[in-house]
Amino acid sequence: MLIEVAVSSHDGYALIQVDGELDIATAPQLSEAISGVASGADLVIDLTATSFIDSSASRVLANARRADPTSPAHVSIVCPPSNRRVRRVLDFLGLPEVVPVYDDVDTAVGSLPA
Amino acid sequence: MTDELDEALARCAAEPIHVPGSVQPHGVLLAAAGAQGRVVTVSANCASLLGRGPAELAGVPLADVLRLPASDALAGDLYDVNPWTAAVASGPVDVMFHRTGDLLVAELEPADADEAPWYLTVQAAVQRLQDVRSIEDFAGVLVTEMARLTGFDRVMAYRFDPEWNGEVVAEVRRPDLEPFLGLRYPASDIPPQARALYLRNWLRLIPDVRYSPVPLLAAGDREPVEPVDLSLSVLRSVSPVHLEYLANMGVAASMSVSLVVDGALWGLVSCHHYAGPHRPSLKERAAAEFLARTASVLLSSLISRRRYDAALTSTDAARALSRSLAVPGRTVAESLMSDPTTLLDLVAAGGAAVRVGTGIRLIGETPDAADVAGILDGLWSGEDRATVATDALSRLQPSSAAWSDVASGVLAVAVPGVSGGAIAWFRPEVVREVTWGGDPTTPKLQPTPEGPRLSPRRSFAAWSQQVRETATPWQGHEVAAAEHLARMVADTLLQRREQNDRVATALQRTLLGAGLPDLPGAETAVRYLPSSHEVVGADWYDLVLLPNGHVAAVVGDVAGHGLGMSAVTAELRHALRAYLLRELDPAVALDRLNELASWLLPTELASVVVVDLDPATRRASVASAGHLPPLLITGDGARLLDVARGPALGLTDAATHPSTVVDIGPRDVLVLFTDGLVERRHVDLDQQLARLTDVAAPLRGGLDAIVEALVDGMGARDGDDDVTTLAVRRRPDGSV
């Protein structure tokens, strides 16, 4: 299963973009990318190009925002409503109630705490 | 134009080339009949060698004309006589005898008296052929030896493809001649009846393409000449179309010798001479024919040895894959795609796909999973899922041209007994430059009184064609290996299913308690299928009789798989039980469970749904922590309950879960399930939920049967995830 996790650093935040299927086999790659983000930096995880997500990967998303000294300061997720396959799974799990989910990266970045 | 072309092609294929009624002038033909073998037919040039005309030869015994030692020498096996050298009026002649119908045919050619015996010249050639290991090298040695033996300006090995187009695979030539190596010639260049003749008569010679045919005459000049079948003749006059073809190519003399493998024409050794007429002697031709016959046998064994080697390699791979399938705790796809031996070792390809159960797994270079599914479903639109092996997928499925870079060739086999189950290999596009000896797409037609006739090309200028969207063809043994693997996978799945059922039973007894408790007030049934991915899964279910007489039905799912997960599952299950008994409110119980999960299991994520059922009334209250909604089957059909949800367990440290009150009739069936029942990698979740209600709508009767029907209807066996399906029906009277 091919998956591409791209990490880029920006002014004050890091952007992780996931292209492919996030499942029990590929979730560790996302996990690694998250733990590689500098402590204290805000994090935007972009799932626009993610075609599938299972509960193992959802757990990784949820854990990204936990109060852990090495975790990023503020986490948000980008998943447009058009990516229904992923958005519906996040909705069922109730993830939007605990991690803000935005329709696009610009909105997510604009909503980061100053 | 097309009709005319078809007519001309048919006319060409119908030309009776074996009874031309004439011979070539470089020899003399005599045909004899009757017990005494008396001459009845002669070629008109008989006097040139024999000094006697047709009338003088009529009725003379052939044995006398050719000075055979005994009059009965020609009565036995002619192999013992051929070739016979006789001294006749013109000097020594070589004679070849054969029988056709009731006739005994003798063909005479002037002999060269002091030639070395042919077997000496051929011996070294045969040894060299025995030493090569590849078909390409073999063809190279063969043309070199053939040129040495016969002295032609150009000698080519010509191989037929399955459509009877020919390709020059080896060549030796006079340095000033342009190379033909690699050129292809369309099948119509050598029509079917000519190919049939080449199987019977291995060597054909035209010493001078500009010859004038010599008619066959009745020796007695009274009765009309009987048509003589010249299939086995060496002097047979050839089709004028063929002579025109050779003349157009600038060829002055030509010879071809058959190469026959497994009873079929594999190719030809084709010899051209340009300087002028060229006639290898009968003994040289006998040597050439012997060499071709020996080469055919060696070629056969070379080809079968290559097939055997390939089959051996794939047998090793098949054995390794079979061992890999037997390793517990792997999905079928993982077994077939794990190093060191994968599907791609069994059948060489750029990539492969496995579809059993819920998803498509890919290895190597392939279209993406959804496109692979589209290709497979397109190939198998009907019931019959026969093996497909194509080296040009876009010809079967024009829409697939988009993936020709990785999937020009597809070998797809169905996995028996698995709905939609398939294994497929993909080969990339191999763009080939095919160079034809002249443009094959424009045969020339010539009007004749009998109708259009095919006229051979005049231009043999190389004509290149780029062949696209094709891959290296699949070999027979590769297709067989693929089908064998599919059967092996089917067997493995069957064994695993049996094994899983046993494990599932054991799990229900230990992890989940000894089956479902028999509760007053509710009738229940459950099906728990651990994933084929890991034997011990992370779903759980529970039924709890509460102090207020209510029944709590629980289905939960912990993210992840494995033995470690089963401990987490057990903790959550027991804790929820305790909270339900103490709080009596499912929503509050979930709030408490979430606190515990966040505290004890900070890195886990779980979803769970609880239905609190009051057997005495129609009232039930549902609380969900990030779980899929329960399904309700009523007399009117089936629907998903629209219930409020709180976040999944472990998402946040403190969460408040809402509860929703629903109305459940006495005959209604409430179904709780985990995502394994519906979640499919490439199908929209909402689409799957809609399918679940469709499958459920007509279900009635016993709960066990309903649960089985749901699992089967959703195709949820052999999946990557646990599948738990729990059905509950109120039993208002409290009877057991």
Side-chain angles (χ1 to χ4, degrees), chain A residues 1-4 19-28 30-32 34-35 45 47 49-71 74-77 79 81-101, chain B residues 331 333-334 337 359-363 365-366 368-370 531 533-534 538 557-562 565 594 598 601-607 624-629 644-657 674-676 679-689 720-721:
Chain A
M1 207 59 53
L2 286 176
I3 176 180
E4 218 168 285
D19 187 344
E21 304 185 353
L22 270 176
D23 60 13
I24 192 165
T26 58
L30 174 60
S31 194
E32 243 173 73
I34 291 172
S35 45
I45 303 173
L47 304 181
T50 306
S51 53
F52 173 82
I53 189 165
D54 75 355
S55 48
S56 323
S58 309
R59 190 186 71 193
V60 173
L61 292 178
N63 289 344
R65 51 152 287 282
R66 283 181 190 281
D68 180 317
T70 61
S71 282
H74 185 272
V75 178
S76 53
I77 290 171
C79 184
S82 58
N83 188 359
R84 266 168 38 112
R85 282 189 193 171
V86 171
R87 185 75 184 241
R88 286 290 275 157
V89 172
L90 301 183
D91 287 347
F92 272 116
L93 287 170
L95 199 74
E97 293 177 38
V98 294
V99 182
V101 177
Chain B
T331 62
E334 282 167 351
M337 295 180 177
I360 287 188
R361 296 277 165 168
L362 305 172
I363 183 173
E365 297 281 304
T366 65
D368 74 30
S531 74
H533 192 85
E534 296 275 1
D557 180 2
V558 181
H561 296 286
M565 284 300 114
N594 182 58
S598 304
L601 313 160
T603 59
E604 308 305 334
L605 183 72
S607 72
S624 168
H627 202 86
L628 294 169
R645 266 189 314 272
L649 304 178
L651 268 186
T652 179
D653 298 348
T656 308
H657 293 84
T674 53
D675 53 7
E679 199 176 77
R680 299 295 175 269
R681 199 167 278 265
H682 300 290
V683 187
D684 206 272
L685 185 56
D686 291 322
Q687 219 172 309
Q688 282 294 99
L689 289 171
D720 293 342
D721 201 358

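All figures in this text were calculated on a predicted structure; none of them were measured in a lab.
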Which atom of [X] lies closest to which atom of [Y], heavy atoms considered:
X	Y	result
Val683(B)	Arg85(A)	C-NE, 4.0 Å
Arg84(A)	Asp684(B)	NH2-OD1, 3.0 Å
Leu93(A)	Ser607(B)	CD2-CB, 4.5 Å
Glu679(B)	Phe52(A)	OE1-CZ, 4.1 Å

Quiz item: How about Glu365(B): does its CD atom have over 12 heavy atoms from other parts shown lying under 6.0 Å from it?
Solution: no
How long is the straight-line distance from [atom2] of [Y] back to [atom1] of [X], given to the nearest 0.5 Å?
X	Y	atom1	atom2	answer
Glu97(A)	Thr652(B)	CD	OG1	9.5 Å
Phe92(A)	Leu685(B)	CZ	CG	5.5 Å
Ser58(A)	Leu651(B)	OG	CG	8.5 Å

Quiz item: What part of Leu95(A) lies closer than 4.5 angstrom to a heavy atom of chain B: side chain, backbone, both or neither?
Solution: both
Self-check item: salt bridge (charged side-chain N to carboxylate O under 4.0 Å, His left out) partners for Arg88(A), two or more places apart
Solution: Asp686(B)
